[in-house]
Structure formats: C-alpha cells, structure tokens
**Q** 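Encoded as structure tokens, here's the structure I'll be asking about.
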Amino acid sequence: MADEAVADRPAEPAAPKAKDARSPEPPPRGGARGDDNAKDAPDAPGSSDASDPADAEAAEREKERERAADRFKDRTRDPLAEEQGEEEPTDAAAATRARRSGQKLLASGRDLIGFDRSDVGRLHIGDINIGLDARRSGLSMRDGPVPEEELLRIRRTHIEPEGYVRLRRALEARRLLVLGGAPGTGRASTALALLEEVTRDGEGGQNSERVRRADPEGGVRGLATQVMGGEGGHPRGTGYLLEPALDRPGTLPPDGMDLDQLASALAEQGSYAVVVVSVGSAANPLLAGRYGAICPPAPTRELVAVRLRQRLEEEHGDPARDGGGGRTRDAHQGGDRTRDGGQDQDRSQDRRPDDDGSLSRLLERAAELREDPEVTEAVGLDDLRPAEAELFASLLAGHLLGSVGREELLSGCRGLAAVQAYEWFAGVDRALAAPPPGDGRAPVRSGTAALFHPVAFRIALAVLGGASHSAVSAAAHLLTWELSVQSDPDSTPARPLFCDDPESDLALSRARPADGAVDVAGAEVTGRLIFYRGAALPAAVLAELWDRHFPVRAPVVRWLRLLADDPRPQVSMRAAVAAGELSVRDFEHGYAELVRPLAEAPSPRRRVFAATALDQAAGHASHRRAVRKVVEDWSRHGTPALRWTAAMALGYGRSADSMGDTLDALARIGVRDDGEQLAVASLNVVRLLTLPECATVLRRLTDWTGHRGEEYQDLALVSIVRLALTDVDEVLDDEPGTPLGDRGDWPLLLALAATRPELTGKLADLFWTALNTARSRDVAVDALETLLRSASRKDGRAWTREGLAALLPALIAEEQDRRRLDWLLRRMMRDQDRPLAEERARALWRLAVPARQRRSEEEESHG
C-alpha cells in the first residue's frame with residue numbers, strides 16, 4: 001500500500017489459497033520450500049493442461065484442504081464454552097480475577113494453622129492465662145448480685161464506646177434499655193458500666209448488691225414479675241442485667257407490652273434494667289422500639305493502649321490506684337468526667353512513671369512493637385474486641401519484659417483469629433437437643449434455619465469474601481438449607497422471607513461492606529462487596545470448620561458442588577480456591593469428595609473447579625508432590641474428562657516438576673486421539689506464556705512446528721493463533737502494576753512483543769508460520785486483522801500501537817508478506833460492517849514497512 005491515493009485503484013485479488021494442506025511440516029521462515037511446501041505458497045501456479053483425472057485429483061485435494069482448514073478452525077474454539085455455544089464465549093477474564101481475589105484473601109501465611117486448640121477457650125502462653133470465650137450463653141449465667149470487686153474493675157478499666165453518654169441518658173430517662181450488639185464486643189461490660197453508674201448516684205448507692213444479674217430463663221416477663229412483687233428482698237434503686245436466650249428454637253421474643261410493663265415496675269421501685277441481646281432477626285423488633293439502642297464496640301487503639309499500660313504497670317511495680325473513682329466519657333465532646341465526691345479528676349494523673357522514666361520507655365517500645373508489620377500481620381484482625389485486646393496487650397507486655405519470646409508472641413497473635421472461629425462454631429446446635437416449648441400436643445415448627453443462618457453466613461463469607469454482598473447472602477441461604485436438612489432431616493427448614501437484616505449479618509460475622517467492581521457479562525459494574533474485618537478470619541474459619549467439626553463436611557461438600565455450577569465466576573472460582581484450601585487440610589477427603597468427582601464431570605465448569613482446587617493445593621509445598629502425581633497419572637492414563645482437567649491444572653504452571661515436564665504433559669494430552677483435546681491443551685500452552693519461562697514455551701512451540709507428526713504441528717499452530725486472539729487479563733494472574741498487568745485488554749501476542757523485546761523475533765517467526773501454512777492461514781489472517789484493528793480505540797486513543805510497532809516490522813519482512821498485508825488492509829477498508837478508515841490503514845502500513853524500506857521499493861518501481 002503506497003502513500004498515493006488508493007481509493008480509485010482496482011482492488012487487488014484476494015490472496016490465493018494453497019492446493020494442499022497435508023504438508024509434512026509448515027514452511028520454514030525465509031528458507032527454501034520443498035515440492036510439498038510449494039503447494040502452500042499463495043501464488044502457486046495451477047496446471048492448465050491437466051487431464052480429467054488430474055483435475056479430479058486436484059479437486060479432491062482442494063476439498064481435503066478445506067476440510068483440514070475447517071478442522072483447524074474448530075480446534076481454535078474456546079474449550080470452556082461447550083455448554084454455552086460457540087456464539088457466547090466464557091468470561092475468562094472475570095474468572096481469572098475472581099481466582100486471584102480468592103487466593104489473596106486466603107494467602108495470609110497461615111498454612112495449616114498450628115495454634116493449639118486443645119483448650120482454645122483459654123490461652124496459655126508463658127505465664128499468661130486469659131479467658132477468651134465470649135460465647136457466654138444467657139442459660140449459663142446465674143441469677144445473683146454482681147460482686148463489688150467486679151464493679152470496681154469495670155469502673156477502672158472499661159473503655160466507653162462512642163455515644164456512651166447518650167446511652168446513659170436514655171437509661172436514666174426510661175429506666176429500661178435494650179442494648180444490642182454482637183457477642184464479644186463488650187456489650188455486657190458496657191451494660192454493667194451503665195448500671196454501676198446510675199445506681200451509684202441513685203437510691204441504691206449505699207447498697208453493696210445494687211447491681212444484679214437476672215435469671216435468663218424467666219426473661220423479660222419473669223423480671224417484671226420479680227420487680228413488681230419485690231421478690232428476693234431487692235432494695236429500691238437496684239440495677240438489673242438480663243441476657244435472655246432468644247436463640248433457642250421456638251423461643252418468642254418479648255413484645256412492646258412486656259417491655260412497657262417492666263419499665264413501669266422499674267420506675268415504681270426506682271430501679272434500672274439493661275436487657276442485652278444479640279443483633280439479628282429475633283432481636284430486631286426490640287432494638288427498633290423506643291427502648292432499643294445499638295452498642296458500638298470500644299475503639300481498638302484506645303482499648304489496647306489502656307490494657308497495655310495496665311499490664312506494664314502491674315508487672316513494673318507501679319499499679320494505679322484511684323480509690324474507686326470511675327469515669328464516663330462522651331466521645332463526641334472529648335471530655336473526661338469522674339464522680340468521686342463531686343470532684344473532677346483525670347485518671348491519667350494516677351499513672352506515675354518510675355523516677356528513672358523506664359516505664360515511659362517501655363510504653364514507647366510497646367507502641368513501636370504494636371505497629372510492627374510482622375505483628376500486625378500475625379494478628380490479622382482490623383479491630384480487637386475487649387478480651388482480644390487484653391490478650392494482645394499481655395503478649396506485648398510479656399515480650400517487652402522478657403517473659404514471652406518473639407515466636408511465642410507471633411503464635412499468640414495468630415491465635416486470636418483461631419479463637420474467634422472456635423467461638424463462632426462451638427456448640428451452635430446444642431440448643432436443638434433441648435425439648436422445644438409447647439403443650440406437648442401441637443408440634444413446634446423447626447427453627448434450625450434461623451439457628452444456622454449466622455453460621456452459614458460466616459462460612460459463605462470465608463469462601464466468597466470479596467464477592468458481592470448479594471452473592472454471599474444467597475450462598476449463605478443455600479448452605480443454611482443444607483445444614484438444616486443435615487441436622488433435622490425429618491423437618492422442612494422454615495425461614496421467614498422478610499426477616500433478613502444485612503446489618504446484623506455484618507455485625508455477627510465481623511464483616512465490612514465496600515464499594516467495588518463486579519464482573520457482569522464481561523463488563524465491570526459498581527457493586528456492594530463484602531469482606532471480613534481481618535485477613536486472618538477466612539483461613540481461621542475454614543480451618544476450624546474442617547478440623548473440628550467432621551459432621552458438617554457432608555453438607556458443606558454438597559454446597560460447594562452447587563457453587564461449582566454457578567455461572568458467575570466470582571462465585572465458582574472463589575469456591576474452587578476455598579475447596580483447594582480445605583483439601584490441603586485433609587487431602588484424602590478433599591480428593592475423594594470434591595476434586596475427583598468434579599474432575600470427571602461432563603460440565604467444563606465443574607472440571608475447571610477441580611483443576612483450580614488442585615492448583616491451590618499445589619501452592620502448598622506440603623501437597624505439591626501429591627498433586628503432581630495425580631496430574632501426571634491423569635495426563636497419561638486418565639479418561640478424556642480427567643485429561644481435560646489435567647490440562648487446565650497444568651496451565652497454572654505448578655502441577656509439574658518443570659516447565660519442560662508441563663509442556664510434555666500438555667503435548668501428550670493434545671496429540672492423543674487425533675487431537676480430540678487439542679483445543680484445551682493449546683489454551684493452557686498460551687496460559688504458560690504469561691510466566692517467566694515464556695522463552696522456554698516459545699522454543700517448544702518452534703520445535704513442534706518442525707515435528708514430523710501433524711498433531712504436534714497443529715498443537716503449535718493452534719497455540720500461535722490462540723496467542724493472538726487471547727487478551728492478557730484472560731490468562732494473567734498478576735495484579736495491575738506489572739508490565740503485562742497494565743495491558744490487560746491487549747492481545748497477549750502484542751503485549752509480549754511490547755514488554756519482552758528479546759522475544760519479538762520468535763513471536764514473529766511463529767505467527768509467520770501460521771500465516772503461511774495452508775490449514776491455519778484463514779484463521780491466522782483473521783487473527784492478524786483483529787490485531788490490526790486493535791491499534792486504536794474507537795475514540796481514536798492509542799491502544800496496542802506500541803505492540804504492533806514492535807511486531808509488524810519483524811512479521812512483514814518479505815515481498816510476499818507485504819503483498820498479503822496490502823491485500824488485508826484493502827479488505828478491511830472495504831468491509832461494509834466495519835470499514836477501516838484510509839488514514840488508519842496508511843498508519844498501519846507505515847508501522848509495518850519502515851520508511852527506508854518504502855523509499856527503496858519506490859525507487860525500484862520508478863527505475
């Protein structure tokens with residue numbers, strides 16, 4: 001295509017097709033062609049004086065060439081789109097991103113968590129012995145007075161959450177407060193702090209038993225009866241803490257009239273009561289009423305700082321004594337107010353460092369240690385609850401004082417997430433063994449679904465963290481059904497349809513929402529994502545689930561198989577990563593129940609799930625050898641479905657001992673049975689080209705193009721064409737920020753040419769071979785057209801021009817190549833659906849043919 005105007009020039013004939021596709025090997029780049037290879041030349045002459053038998057033979061050869069071209073085109077199809085049809089490709093890019101996100105959430109350095117769970121409710125490290133069990137069911141609490149020593153401890157150590165003053169004023173005004181929060185967040189401590197303060201200044205200030213725990217069995221109605229009747233001789237001004245058991249199947253929460261009756265009785269006696277409930281569907285009506293309030297957690301940094309200072313002072317011999325003075329702080333006003341004989345005091349004045357200032361230096365070192373990246377990673381929680389803050393402070397203090405070593409410190413920090421997971425699952429369904437309430441004649445409807453939903457949501461969040469909130473919630477409901485049926489097979493699980501509370505799910509699971517991108521039909525849209533509040537929680541939940549609760553494995557396996565069929569990559573790929581992590585914890589069970597059954601499934605989606613789970617297990621050094629043995633056996637002796645799955649696992653690059661072994665296995669799969677699985681084998685050869693050993697893969701492709709076996713040639717040719725048609729983000733695991741990652745929507749061939757200039761020559765030679773081999777020519781030319789159209793975006797902005805500038809001069813090196821490019825550009829300009837602008841065509845021609853070469857050709861034509 002010269003620089004003069006071309007619109008009026010006659011169209012040049014299309015590049016002729018070769019007569020025969022059965023050449024023993026593709027033509028070598030720039031080398032002499034044999035007689036058979038000459039048949040592949042675009043300008044091969046025909047025989048005008050051939051006899052009728054010769055014409056028939058030539059016609060047969062042409063038909064065979066067309067059949068070979070059709071077979072080749074069929075092998076370049078998307079092997080993952082068998083279920084959806086040829087016209088609807090799979091969203092490989094979304095699957096890659098989902099897998100990468102799932103690995104990121106589960107790769108927190110917690111391979112086979114070694115924390116000792118033999119007595120996980122209490123933690124013993126050195127001389128530290130701290131109770132961590134926050135699952136104090138109301139049924140286990142005895143009715144009786146709160147000791148004065150505990151009230152004194154509350155006054156001295158309690159950290160008021162934001163809005164504490166507002167809660168106190170509400171209690172003083174209404175006498176009754178329904179305080180909601182997640183277990184372990186300090187809601188009971190806040191309730192005791194409120195009751196201690198209001199009763200100390202009220203009518204019960206001189207009573208040593210002025211704060212009492214009420215019997216949870218009686219509930220709100222029982223407490224109202226007790227207060228009105230004066231049972232037990234409780235004096236006026238008493239404060240009551242009630243934690244009713246609302247999570248028992250068949251238990252009905254109190255209604256508004258019950259609360260009004262209790263408030264009236266309290267007012268008559270000059271008393272107060274705080275009813276502590278867990279957020280959730282059962283307690284939502286209570287919290288939405290005029291007595292309800294949410295108890296926010298205490299701020300983590302202040303909580304840890306206070307606990308740490310206390311520990312250091314206790315160990316350093318400078319305990320603080322404030323004579324029982326308490327403190328109440330309004331976080332909005334930022335002021336501290338104590339009540340001790342009517343005088344204001346600042347508790348910090350009671351903290352006196354040693355004369356030599358060593359305590360101050362310890363506090364400085366403690367602040368630095370608390371921010372140590374290794375310590376922060378070991379904790380793995382975004383915020384700490386009161387018991388966790390106490391343990392963390394004890395560990396830091398012990399390390400600073402020399403009683404806790406570095407490894408013990410990190411081990412104890414890692415145990416925080418493990419303890420939380422233990423508390424979430426310990427004895428969840430124990431209440432099902434209790435006889436349900438009723439008159440003994442009418443059966444009570446099963447409440448298993450309501451009981452298991454919080455547990456199911458935590459498991460779903462561990463598996464699908466980073467997905468949309470709706471996807472996690474829907475998966476949690478599926479798991480709720482499976483758990484309910486497993487636990488109570490004789491009853492149909494019943495769950496109200498309009499009682500879900502997303503905010504309760506977040507609070508009960510230590511989760512946080514975030515705005516982010518969700519892949520929908522190949523496009524990214526804004527969605528509401530959900531994560532755990534801490535990188536350590538997903539792995540801790542899966543470890544607790546799989547290592548300590550064997551009966552739950554069966555429903556979870558059924559659930560994961562359902563997720564494997566989900567058409568959304570954000571669900572199926574994250575579930576596959578989690579299945580791999582579970583298999584690492586018990587490979588025998590994971591292989592038998594998840595990997596092998598899905599690897600033999602007829603659905604490609606299920607086989608991809610199995611391959612991804614295998615690769616995730618191969619990422620652990622402890623299981624790499626076993627995974628490689630499985631993949632090796634499948635590639636050699638497996639059924640077609642197992643060989644297909646093995647090919648997908650090999651494409652990740654971790655399921656064989658070396659890159660050479662990986663390519664050998666893929667070739668073995670691709671050439672077997674007349675290339676039946678050549679499509680999936682070539683796809684995974686292309687995936688390997690994103691790895692650092694890219695040059696090794698290109699050398700092997702070159703060897704295959706010269707192989708005597710046509711199946712090896714086809715494997716190379718299909719891989720080359722697929723390389724030009726595959727976008728980077730469909731196969732790349734790297735995050736954006738890498739040279740390839742920043743070119744996610746580029747064809748991989750052009751991205752490699754732009755970022756790996758030392759490979760450009762090999763890439764051009766391989767693509768030239770596909771363009772000059774009869775059976776691959778048609779699809780290779782179409783692929784070249786796709787590459788050329790990607791030079792600029794629709795709005796004119798540059799796109800892959802950099803890659804084309806690197807590849808085209810090496811690809812268009814001979815006269816025949818330039819004639820082909822000229823013909824292709826003219827065809828693109830004449831395209832009725834997508835005509836290429838003449839200006840863009842000229843720009844592409846200039847990229848392919850350097851100015852010096854164009855001038856030389858013009859001089860020859862004029863000479």
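Model, not experiment: these values are computed from the prediction.
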**Q** Check Leu701 against Ala716 and note the closest heavy-atom contact, atom names and distance.
**A** O-CB, 3.6 Å
**Q** Could you walk me through whether Glu600 and Arg596 pass the salt bridge (charged side-chain N to carboxylate O under 4.0 Å, His left out) test, one step at a time?
**A** CA-CA 6 Å; Glu600 291 186 299; Arg596 179 59 184 262; 3.3 Å; yes
**Q** Are any of the side-chain heavy atoms of Leu688 and Met659 separated by less than 4.5 Å?
**A** yes
**Q** Could you state the interatomic distance from OG1 (Thr800) to CG (Leu750), rounded to the nearest 0.5 Å?
**A** 5.0 Å
**Q** Mind checking whether Trp823 and Val781 have side chains closer than 4.5 Å, heavy atoms only?
**A** yes
**Q** Show the numbers, then the answer: is there a salt bridge (charged side-chain N to carboxylate O under 4.0 Å, His left out) between Asp782 and Lys73?
**A** CA-CA 11 Å; Asp782 291 341; Lys73 182 177 181 180; 5.8 Å; no
**Q** Ring-plane angle category for Tyr712 and His707, please: parallel below 30°, perpendicular beyond 60°, tilted otherwise.
**A** parallel
**Q** What pair of heavy atoms forms the shortest contact from Arg722 to Ser682, and how long is it?
**A** NE-OG, 3.0 Å
**Q** To the closest 0.5 Å, what do you measure between CD1 (Ile720) and CG (Leu766)?
**A** 4.5 Å
**Q** Side chain to side chain donor-acceptor pair (under 3.5 Å) with Thr76: which residues, sequence neighbours excluded?
**A** none
**Q** List for me each residue that meets salt bridge (charged side-chain N to carboxylate O under 4.0 Å, His left out) alongside Asp703, sequence neighbours excluded, and say none if there are none.
**A** none
**Q** Quick check: closest heavy atoms across Ala564 and Ser572, and the distance to 0.1 Å?
**A** O-CB, 4.1 Å
**Q** Are any non-hydrogen side-chain atoms of Leu717 and Arg775 less than 4.5 angstrom apart?
**A** yes
**Q** State the CG-CG distance between Leu788 and Leu847, to the nearest 0.5 angstrom.
**A** 9.5 Å
**Q** Around atom CD of Glu588, are there more than 12 heavy atoms of other residues, nucleotides or ligands at under 6.0 Å?
**A** no
**Q** What's the separation between atom OG1 in Thr690 and atom CG in Asp733, rounded to the nearest 0.5 Å?
**A** 6.5 Å
**Q** Search all heavy atoms of Val584 against all heavy atoms of His623 and return the closest pair with its distance.
**A** O-NE2, 3.0 Å
**Q** Are Arg793 and Asp745 side-chain neighbours, meaning at least one heavy-atom pair lies under 4.5 Å?
**A** yes
**Q** With sequence neighbours left out, what residues match Arg624 under side chain to side chain donor-acceptor pair (under 3.5 Å)?
**A** none
**Q** Between Leu752 and Leu740, is a side chain to side chain contact (heavy atoms under 4.5 Å, CB included) present by the stated rule, with each step listed?
**A** CA-CA 8 Å; Leu752 288 173; Leu740 281 181; 4.3 Å; yes
**Q** Report yes if some heavy atom in the side chain of Leu811 is under 4.5 Å from a heavy atom in the side chain of Asp817; otherwise report no.
**A** no
**Q** Which pair of non-hydrogen atoms, one from Ala646 and one from Ile669, has the smallest distance, and what is that distance?
**A** CB-CD1, 4.2 Å
**Q** By the salt bridge (Lys or Arg N to Asp or Glu O under 4.0 Å) test, which pairs, at least two apart or in different chains, include something from residues 662-671?
**A** Glu632-Arg668, Asp664-Arg700
**Q** Could you check whether Arg699 and Thr696, counting side-chain N and O atoms only, form a donor-acceptor pair closer than 3.5 Å?
**A** yes
**Q** Considering only heavy atoms from C-beta outward, does the side chain of Asp822 approach that of Trp845 to under 4.5 Å?
**A** yes
**Q** Find the distance between CZ (Arg643) and CZ (Arg607) and round it off to the nearest 0.5 Å.
**A** 11.0 Å
**Q** May I have all residue pairs that pass salt bridge (Lys or Arg N to Asp or Glu O under 4.0 Å) and include part of residues 648-660, sequence neighbours excluded?
**A** Asp615-Arg654, Arg628-Asp657
**Q** Which atoms form the tightest heavy-atom contact between Thr726 and Glu730, and what is the distance?
**A** CG2-OE1, 3.3 Å
**Q** Got a second to check how far Leu807's CG is from Ile812's CD1, nearest 0.5 Å?
**A** 8.5 Å
**Q** Does Arg801 have any side chain to side chain donor-acceptor pair (under 3.5 Å) partners at least two apart in sequence or in another chain, and if so, which?
**A** none
**Q** Quick one: are Arg561 and Glu593 in side-chain contact, heavy atoms under 4.5 Å?
**A** yes
**Q** Take Arg789 and Asp831 through the test salt bridge (charged side-chain N to carboxylate O under 4.0 Å, His left out) and record every step on the way to the result.
**A** CA-CA 12 Å; Arg789 290 188 181 276; Asp831 191 315; 3.8 Å; yes
**Q** Between Arg605 and Pro567, is any pair of side-chain heavy atoms under 4.5 Å apart?
**A** yes
